[in-house]
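Have a look at the structure below, then the notes.
From a predicted model like this one, the values you see are computed outputs, not experimental measurements. Scope of the values below: all heavy atoms of this structure, side chains included, with no hydrogens, waters or symmetry mates. First the proteins, then the strands, lettered A, B, ... as listed; each starts at 1.
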Amino acid sequence: MDISQLLEGLNDPQRQAVTAHSGQTLVLAGPGSGKTRVLTYRAAYLVLAEGVRPYHILAVTFTNKAAREMGARLEKLLGEDDAKALWLGTFHAVCARLLRREVEYLPVKDNFVIFDADDQDNLTKRAIRDLRLDEKLYRPTAMHAAISTAKNNLILPKEYPSRTYRDEVVGRIYTRYQDLLVESNGVDFDDLLLYAVQILQDNPRLQEKYGTRFEQVLVDEFQDTNLAQYRLLRLLTTVHHNLFVVGDEDQSIYRWRGADYRNVLRFEEDYPRCQKILLEQNYRSTQTVLDAARAVIDHNTNRTPKRLFSDRGLGERITLYEAVDDHAEAAYVVDTIQQQVASGTARRADFAVMYRTNAQSRLLEEAFLQAGVPYRLVGAQRFYGRREVKDLIAYLRLVQNPSDEISLERVINVPPRGIGDKALVGLQLAAQGAGLSAGEVAMDLGRKGPDSTFWKGLGGRAAVSLADFGLKLASWRAQAASFSLPELFDKIVTDINYQPYIDDGSDEGNDRWGNVEELRRLSFEYSGVENGLTAFLETLALVSDQDTLPEQADAPTLLTLHADKGLEFGQVFIVGLDENLMPHSRSLDDPEEMAEERRLFYVGLTRARNRLFLVRADQRTTYGGYESSISSRFLRDIPEALLNHISSRYGRKSSFSGSGRESRTGREARKDRASRWDGDDQSTPSRRQPAAYAPSRPVTPNRPTPAPTTIQPRPVPVVQKYHSNLRVRHPVWGEGLVIDSRILDNEEMVDVLFESVGFKRLLASLAKLDIIN
DNA sequence: GCGTTACATATTTTT
DNA sequence: TATGTAACGC
């Protein structure tokens with residue numbers, strides 16, 4: 001690849017960044033300003049123009065997906081061999097790789113496993129129980145959050161401050177947690193970073209080794225680095241001091257994970273001679289989108305103000321839709337998408353629907369499902385969080401590392417084999433006494449039977465069950481080396497007789513088995529690989545939500561505002577723009593948190609290329625009944641001139657709340673709705689797991705084209721002819737889609753979105769609307 | 001040891 | 001809602 005060719009397509013600041021002289025470079029890149037491109041070209045430039053060997057370059061991205069994309073681009077620019085030689089990955093993946101190589105410096109053995117969020121919570125629980133503390137008072141999630149924060153800030157158990165009694169307790173839990181983790185031969189997410197920093201810090205030789213190796217270090221999403229990551233970067237650049245970082249304070253949204261956007265400022269302080277480059281031209285969005293985004297973000301202080309500009313023209317106004325409730329909100333989203341798809345103005349894949357909390361996806365999913373519109377959902381938990389998947393991964397982890405106490409506890413009695421609490425505690429005590437892990441003791445029982453020194457202490461019945469389990473584990477371990485990964489997988493599944501256990505013949509059972517088969521399929525990718533089991537488990541532990549997106553599916557994407565980082569879509573819906581949701585209630589009393597909510601909204605806004613739909617609802621279902629909600633403060637910051645305001649509400653709040661609707665309790669309303677779903681079983685797709693890394697719930701179009709949406713008439717409270725999702729024809733305005741319908745003062749009011757004139761509110765008794773089948 | 005039931009209890013974001 | 005856990009009966 002020719003260098004001048006490479007640089008040709010860049011604007012001035014971009015080129016300046018790509019060709020910057022060695023040393024430290026800080027690129028502040030607004031959304032859509034070609035940040036990823038700059039990063040990729042920088043790496044290519046270093047190789048092609050500066051003669052740096054790819055082997056000497058380290059590039060760190062925020063997600064595995066970003067890493068893959070960058071890798072693919074580099075392959076095109078440099079060729080496969082050179083692209084593969086580069087170290088490229090997330091902080092966590094890079095650290096895992098480093099720790100595997102330098103395991104001798106760690107307190108764990110080389111077959112260590114990586115503990116995911118779930119394991120961490122379980123481990124925290126155990127630590128709390130071990131210390132006989134009250135779980136109600138010291139909630140495992142909160143305790144773990146504290147531990148995680150400490151680790152991200154490089155605070156070790158013994159250094160944990162004990163200013164208050166509570167801190168002192170947290171410190172004790174942290175200590176116990178870490179002991180348990182090491183005993184389990186495990187490393188948690190945060191340890192990956194912490195250990196990497198520690199061993200580099202403590203071993204000048206290692207520092208020199210990697211410092212020499214990495215002549216050039218490139219970092220993406222720098223605003224979301226935490227202290228451990230920042231320190232790591234410093235440690236890795238002690239020899240060559242070549243650090244090229246790209247970021248944007250305005251897009252820092254991971255504070256709760258320890259990220260500190262002030263690292264951007266710190267960078268300038270720590271490297272006074274650094275070059276600072278601003279990328280302000282936006283190639284993604286219309287000016288309207290940018291103006292709105294800017295109006296929102298300009299309320300934040302402590303930032304380098306940027307004036308984003310676009311030459312894409314003004315574009316369309318932003319639609320602000322205020323729905324009656326969250327069901328109507330979801331219906332509006334689906335209707336709008338369907339309508340545009342039907343009229344050919346957009347493809348399904350052009351759309352994204354974003355929300356603040358995962359819980360919000362449910363109603364949306366139901367609405368999509370009911371309308372027969374396929375969708376793809378970002379969220380790893382959907383597949384990897386499933387019980388059957390976790391079970392089998394736990395078995396694999398035990399094979400890899402029998403000391404893994406958490407996995408052992410998880411599966412020692414799955415499927416039930418007569419090992420209850422008592423037997424388990426007995427086993428653990430025996431293990432403790434012998435200075436072994438429970439898994440090792442079980443294996444000893446299995447191999448030696450009644451001759452085992454542990455046999456007597458456990459009492460006949462329990463010992464038999466434990467020995468049976470231990471024998472299986474021992475045999476898998478013995479075979480692991482000679483078996484391919486899928487063979488091992490099959491052996492385990494057969495030996496434990498797993499299928500009848502999870503597949504009871506029901507639809508759900510079928511799905512569960514489908515997930516097992518999917519996991520098996522994934523294991524094939526590691527069948528020929530050296531240390532396939534290790535690699536497989538590591539990949540599983542480090543997959544991110546974004547990584548689970550099926551690539552090409554013509555379907556709208558549903559995702560949280562956090563997961564949208566780095567992505568872009570033709571048209572973006574942001575739903576739930578209500579106080580307490582966006583901004584989230586947890587952020588109200590902390591200005592820093594509030595600023596972050598604002599950034600989160602800003603990031604969402606700037607994902608849109610062409611159109612933005614901001615959506616909210618007057619009432620929402622919370623975990624009980626209905627609650628009224630009010631408009632998000634962020635909406636007020638967007639100039640009216642940019643907005644096209646649509647509301648499906650009736651009159652002002654006062655008249656609305658006095659209406660007959662109010663007399664219906666939330667419960668009744670929900671029942672009413674529930675019955676709409678009933679009898680519709682046909683259209684509920686079986687939830688079989690689709691393609692690799694695809695989430696399980698999302699029901700991407702693994703089902704053939706959806707059957708035409710059959711709408712059950714709503715159980716009629718009064719006489720109501722229309723309801724949402726119905727297609728209607730008007731003599732003048734033509735075809736449209738009913739968004740909502742209400743009985744008010746014995747009149748039916750219908751909201752219709754017409755293809756010709758857009759939104760109209762009609763009285764059913766007056767308007768001549770025909771229902772189209 | 002296992003399965004059922006009632007009850008309470010929580011609800012942000014994720015590498 | 002939905003998830004986990006404590007208590008109970010087999």
All side chain to side chain donor-acceptor pair (under 3.5 Å) counterparts of A:D250, not counting sequence neighbours: A:R303
Test: A:R386 and A:D511 ion pair at under 4.0 Å: no
Sugar-phosphate, base or nothing in reach of A:F91, heavy atoms under 4.0 Å: nothing
B:dT13 pyrimidine/purine six-ring stacking with A:W256, under 5.5 Å and 30°: yes
Closest listed nucleotide, where the reference is the side chain of A:Y254 and the choices are B:dT12, C:dT5, B:dT14: B:dT14
Strand-adjacent residues in residues 574-592 of chain A, judged by heavy atoms under 4.0 Å from DNA chain B: A:H584, A:R586
Interatomic distance, A:K565 NZ vs B:dT12 P [rounded to whole Å]: 21 Å
Charged N-O contact under 4.0 Å between A:D391 and A:R410: yes
Nucleotide B:dT14, atom P - distance to CG of A:D121 in whole Å: 15 Å
Between C:dG4 and B:dT13 - C1' atom distance, rounded Å: 22 Å
From B:dT14, B:dT13, B:dT9, nucleotide with atom closest to A:A563 side chain: B:dT14
Evaluation steps, ring pair (Phe, Tyr, Trp, His ring centres under 6.0 Å), between A:Y177 and A:Y174: CA-CA 5 Å; A:Y177 170 94; A:Y174 182 11; 7.1 Å; no
Among B:dT9, B:dT12, C:dT5, the one nearest A:K136 by side-chain distance: B:dT9
C:dT5 OP1/OP2 closer than 4.0 Å to side-chain N/O of A:K125: yes
Set of residues satisfying side chain to side chain donor-acceptor pair (under 3.5 Å) with respect to A:D578, sequence neighbours excluded: A:R616, A:R620, A:S629
Atom-pair distance (CD on A:E135; P on B:dA8), nearest Å: 18 Å
Spacing of A:Y626 atom OH relative to C:dT1 atom P, expressed in whole Å: 12 Å
Distance, rounded to the nearest Å, where A:L559 contributes CG and B:dT14 contributes C1': 13 Å
A:R599 NZ/CZ over A:Y261 ring centroid, <6.0 Å and within 45° of normal: yes
Base B:dT13 to side chain A:R356, donor-acceptor N/O within 3.5 Å cut-off: yes
Look for any protein N or O under 3.5 Å of an N or O in nucleotides 1-7 of chain B and output each such pair with its distance, or none.
residue: B:dG1; atom: OP1; partner: A:K422; partner atom: N; Å: 3.4
residue: B:dG1; atom: OP2; partner: A:G420; partner atom: N; Å: 2.8
residue: B:dG1; atom: OP2; partner: A:A423; partner atom: N; Å: 3.4
residue: B:dC2; atom: OP1; partner: A:G418; partner atom: N; Å: 3.1
residue: B:dC2; atom: OP2; partner: A:N413; partner atom: ND2; Å: 2.8

Cationic N near anionic O, under 4.0 Å, A:E597 to A:R356: yes
Salt bridge present between A:R262 and A:D260 (N-O < 4.0 angstrom): yes
Between C:dG4 (C1') and A:D118 (CG): distance, integer Å: 13 Å
Any side-chain heavy-atom pair of A:E329 and A:Y355 under 4.5 Å: no
Touch class at under 4.0 angstrom, heavy-atom based, for A:R139 against every strand present: sugar-phosphate
Listed once per pair and sorted, the salt bridge (Lys or Arg N to Asp or Glu O under 4.0 Å) pairs that draw on residues 121-131 of chain A, sequence neighbours left out: A:R126-A:E409, A:R129-A:E135, A:D130-A:R176
Parallel, tilted or perpendicular: ring planes of A:Y526 versus A:F536, cut at 30 and 60 degrees: tilted
Rounded distance (Å) that lies between atom C1' of B:dT14 and atom CG of A:D564: 13 Å
Identify all pairs in which a protein N or O lies below 3.5 Å from an N or O of nucleotides 7-10 of chain C, and state each distance.
none

Donor-acceptor pair, side chain of A:S252 and main chain of A:E249, under 3.5 angstrom: no
For atom CG of A:D116 and atom C1' of B:dT15, their distance in whole Å: 11 Å
Phosphate OP1/OP2 of B:dT14: any A:N358 side-chain N/O under 4.0 Å: yes
Criterion side chain to side chain donor-acceptor pair (under 3.5 Å) on A:Q223 and A:E221, from CA distance to verdict: CA-CA 5 Å; A:Q223 76 284 354; A:E221 307 282 5; 2.8 Å; yes
